[in-house]
Amino acid sequence: MKKINIALIGCGFLGQRHLKTLHALRNKANIVAICDHHLEHAKALGRQYHVPIVQNYRELTGTIDAVSVCTPTITHAGIASFFLKEGVHAFVEKPITYSLDEADMLIKLAEENNVKLQVGHVERFNSAFTTIEPIVQDPLFIECHRLNLFPNRSLDIGVVMDLMIHDIDIILGLVKSPIKDIQAVGINVLTDKEDIANARLTFANGCVCNVTASRISPEVTRKIRLFTKNAYISLDYAKQEASIYSKDERGIHKRNIPIEKEEPLKKELEHFIDCVRDDQRPKVSGIEGRQALKVALDITQKIWEHHQSLS
């Protein structure tokens, strides 16, 4: 099996998780180098994982097949575009970029240079979701709650781009219909961007989705509830558990869905490595990443328009 030579750009909270996971996937990938502007921090990780350090990611030209970009969102376009132009496959953490123009640029570069572009929407690889996805047919109503502790990171973006975008991506993948209307509200509490947000999405096929996200919650919650004509499915991403409530002439019956729990990030990065090695299309390509970004930006705009109308 051909191993993929990969580098990691950004060694913050998510970057460290990527490093640990890529190290666990060393039967499929060689970590060529790590790069972070906090040099001492990078050196410590380099010693821990026995990986070389580079100070400038441009030094990696010609030495790698792929790159994982785990830097602040505002830097994604500049870093990823450099590697895509060099013919290097790129995994970019969500959101794909800060703007739609930047996302379009990355998608175009990936196509022109015949390389893979995958976006880090990790819930797509959650075992609970992959188990229930085939049985969710024509959802009528979806409710999502994603609550987190204050992160002290990713503060260059609001909670919609930071957390809600996970559920946006899942919803778009399930509903498969154009959005007809968006209503949204949100407030900033600890930052100058929205820290709590709620959005109501109405789709052309009649499906309605209510999505709530908070990054100032005292506890962590990651749940989705899906209602179809004949069933109600409840899923807990954190616990990787799911139940289905179905009805027949005898009433409503609950069944716990058996799930083989796996680490979602490991499945996600392994999928990227396999796509590079076997020339497959990523499950969450730049196109899906852009679609989620578009809705996240629309929701954010609605939130701040609502703010302005009250002032």
Side-chain angles (χ1 to χ4, degrees), residues 73 94-104 107 119 121 123-124 129 132-133 135-148 154 157-189 191-217 221-235 237 283-311:
T73 303
K94 62 81 202 165
I96 178 173
T97 50
Y98 203 74
S99 72
L100 292 177
D101 287 344
E102 291 173 335
D104 290 336
I107 293 168
V119 185
H121 286 282
E123 298 292 26
R124 290 274 196 127
F129 176 72
I132 67 101
E133 185 179 14
I135 63 177
V136 178
Q137 300 295 326
D138 302 319
L140 301 173
F141 181 74
I142 300 175
E143 185 175 40
C144 303
H145 286 89
R146 188 170 296 266
L147 317 177
N148 211 343
S154 299
I157 53 178
V159 74
V160 173
M161 296 267 277
D162 184 21
L163 298 182
M164 188 184 285
I165 198 168
H166 281 298
D167 296 306
I168 292 168
D169 172 62
I170 292 293
I171 288 167
L172 294 178
L174 291 173
V175 178
K176 298 180 177 65
S177 175
I179 291 179
K180 184 179 177 181
D181 181 60
I182 295 176
Q183 299 177 38
V185 292
I187 57 172
N188 59 309
V189 180
T191 73
D192 63 348
K193 296 179 170 60
E194 79 284 349
D195 297 311
I196 305 173
N198 174 266
R200 186 176 180 87
L201 311 177
T202 303
F203 289 82
N205 66 359
C207 181
V208 175
C209 304
N210 191 49
V211 194
T212 301
S214 169
R215 58 182 179 187
I216 56 169
S217 173
T221 301
R222 290 157 53 200
K223 294 182 178 181
I224 182 171
R225 299 174 179 88
L226 306 111
F227 297 81
T228 65
K229 184 177 180 180
N230 296 309
Y232 155 52
I233 300 168
S234 176
L235 184 153
Y237 291 106
K283 184 184 293 187
V284 188
S285 72
I287 293 172
E288 285 78 19
R290 186 200 187 277
Q291 290 171 346
L293 175 64
K294 170 69 165 61
V295 178
L297 289 172
D298 288 346
I299 290 172
T300 303
Q301 182 178 348
K302 292 283 186 178
I303 288 171
W304 294 106
E305 284 177 354
H306 180 72
H307 267 261
Q308 291 172 0
S309 69
L310 298 176
S311 59

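FYI, side chains are in, hydrogens and waters are out, and symmetry mates aren't considered; it's all heavy atoms of this structure.
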A.B. asks: Counting only heavy atoms not in Lys223, do more than 12 sit closer than 6.0 Å to its NZ atom?
C.D. replies: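 Result for NZ/Lys223: open.
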A.B. asks: Would you say the side chain of Met164 lies within less than 4.5 Å of the side chain of Thr212, judging by non-hydrogen atoms?
C.D. replies: no
A.B. asks: Mind running side-chain contact (heavy atoms from CB on, under 4.5 Å) on Arg225 and His145 for me, showing each step along the way?
C.D. replies: CA-CA 9 Å; Arg225 299 174 179 88; His145 286 89; 3.6 Å; yes
A.B. asks: Under 4.0 Å between a Lys/Arg side-chain N and an Asp/Glu carboxylate O for Arg222 and Glu123?
C.D. replies: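 Yes, charged N to carboxylate O under 4.0 Å.
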A.B. asks: To the nearest 0.5 Å, what is the distance between CG on Asn198 and CG on Asn210?
C.D. replies: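 Rounded to the nearest 0.5 Å, the CG-CG separation comes to 4.5 Å.
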A.B. asks: Show the nearest heavy-atom pair for residues Pro95 and Ile157, with the distance to one decimal.
C.D. replies: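 That would be CD-CD1, 4.0 Å.
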A.B. asks: Of the non-hydrogen atoms in Lys193 and Gly158, which two are nearest, and what is the gap between them?
C.D. replies: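 It is CD-N, 3.6 Å.
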A.B. asks: Between Asp298 and Lys294, is there a side-chain N and carboxylate O pair less than 4.0 Å apart?
C.D. replies: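 Judged by the 4.0 Å cut-off on N to carboxylate O distance, Asp298 and Lys294 do form a salt bridge.
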A.B. asks: Only one of Ile171, Val136, Asp167 passes side-chain contact (heavy atoms from CB on, under 4.5 Å) with Ile142; say which it is.
C.D. replies: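 Among Ile171, Val136, Asp167, the one that satisfies the side-chain contact (heavy atoms from CB on, under 4.5 Å) with Ile142 is Ile171.
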A.B. asks: Under a 4.5 Å cut-off applied to non-hydrogen side-chain atoms, are Arg124 and Asp169 in contact?
C.D. replies: yes
A.B. asks: Knowing that exactly one of Val159, Ile187, Val185 qualifies, which makes a side-chain contact (heavy atoms from CB on, under 4.5 Å) with Ile196?
C.D. replies: Ile187
A.B. asks: Leu172 versus Ile179: any side-chain heavy-atom pair under 4.5 Å?
C.D. replies: yes
A.B. asks: I need the Lys94 NZ to Leu293 CG distance, nearest 0.5 Å.
C.D. replies: 11.5 Å
A.B. asks: Quick check on Asp138: does its CG atom have over 12 non-hydrogen neighbours (other residues, nucleotides or ligands) under 6.0 Å away?
C.D. replies: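 Result for CG/Asp138: open.
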